Amino acid sequence: PLDDCSGRGIEVMDDPDADRIAAYVAARGTGYVMMQQFIAGAKEEGRRPNQVEAGDDFVRRQVEHYALYEAMCQREGVVDFAELLLRSYELLAGHEGLREHYRRRFSHLLVDEFQDTNTLQYKWLHMLAGPHTAVFAVGDDDQSIYAFRGAKVANMQQFERDFGTP
């Protein structure tokens, strides 16, 4: 198990385990596939339940289910894949010394299959790239197949604006 800094380990859930917890939460009123997509989408945007704006009753219920799902995972000591991404981002964002360590350690960053990156992964790249980091991305927007998992082809255009040579 991984260490979550609380003194007890955590385990990474596979899809059937995540389905089990989501189905339990969904029994309280929403379909678990839709709920899982909502939760993964929020995490891939870098948002915790308290950071998701609930503009209507349906979204409010989704946010409540997200909070319940998160509490159950915490209680059971498990994380899903999107949680790994989000915790890694939060760790780097919240600890400047750690972030600077990795910025100094890696003077070059290469991202393959860039067309399949999501918002949170793009934020990682931005955070890890220091002022003198050479960033290289390989991708083909015609081959983007993970939009259903949060991939944003628009990251390719944003990359050119953020990291392109003037």
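Being a predicted model, the structure only gives us computed values, none of them experimental.
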Legend entry - Plane angle bin for Phe159 and Phe163 - parallel if under 30°, tilted between 30 and 60°, otherwise perpendicular: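 Ring orientation, 0 to 90° scale: tilted.
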
Between [atom1] on residue [X] and [atom2] on residue [Y], distance to nearest 0.5 Å:
X: Cys73; Y: Ile39; atom1: SG; atom2: CD1; result: 8.0 Å
X: Phe38; Y: His65; atom1: CZ; atom2: NE2; result: 10.5 Å
X: Asp116; Y: Gln143; atom1: CG; atom2: CD; result: 9.0 Å

Inset, instruction - If a pair satisfies side-chain hydrogen bond (donor to acceptor under 3.5 Å, both in side chains) and one of its residues is in residues 123-134, list it, with sequence neighbours excluded. - result: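 Qualifying pairs, neighbours excluded: His126-Asp162.
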
Any donor-acceptor pair under 3.5 Å linking the side chain of [X] with the backbone of [Y]?
X: Glu44; Y: Leu120; answer: no
X: Arg99; Y: Met127; answer: no
X: Asn155; Y: Thr117; answer: yes

Are [X] and [Y] linked, directly or through other ILVMFWY residues, by side chains that come within less than 4.5 angstrom of each other?
X: Phe106; Y: Leu128; answer: yes
X: Leu86; Y: Leu91; answer: yes
X: Tyr102; Y: Phe136; answer: no

Legend entry - Chi angles and distances behind the side-chain contact (heavy atoms from CB on, under 4.5 Å) call for Tyr89, Gln121: CA-CA 8 Å; Tyr89 174 78; Gln121 292 164 332; over 6 Å; no

Legend entry - Phe58 and Met34, any side-chain heavy atoms less than 4.5 Å apart: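 Yes; the side chains approach each other to less than 4.5 Å.
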
Legend entry - Note, Leu125 side chain near Phe114 side chain (heavy atom, < 4.5 Å):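 Yes, at least one pair of side-chain atoms sits under 4.5 Å.
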
Legend entry - Name of the residue among Gln62, Arg60, Arg61 meeting side chain to side chain donor-acceptor pair (under 3.5 Å) with Glu64: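 Of all the options given, the one that passes is Arg60.
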
Legend entry - side chain to side chain donor-acceptor pair (under 3.5 Å) partner of Thr119, chosen from Gln158, Glu45, Arg47: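 Exactly one option meets the side chain to side chain donor-acceptor pair (under 3.5 Å) with Thr119, and it is Glu45.
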
Legend entry - Between Gln115 and Glu113: side-chain donor-acceptor atoms closer than 3.5 Å: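 Short answer, yes.
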
Inset, instruction - State plainly whether the residues Glu83 and Arg48 are in salt-bridge range, i.e. N to O under 4.0 Å. - result: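 Result for this pair is yes, salt bridge flagged.
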
Legend entry - salt_bridge(Glu100, Arg103) N-O dist < 4.0 Å: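 Yes.
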
Legend entry - Contact summary for Pro49 and Val63, nearest pair of heavy atoms: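 Heavy atoms only, the tightest pair is O-CG1, 3.4 Å.
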
Inset, instruction - Flag yes if more than 12 heavy atoms outside Glu53 fall under 6.0 Å of its CD atom; otherwise flag no. - result: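 Check fails, neighbour count at 12 or below.
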
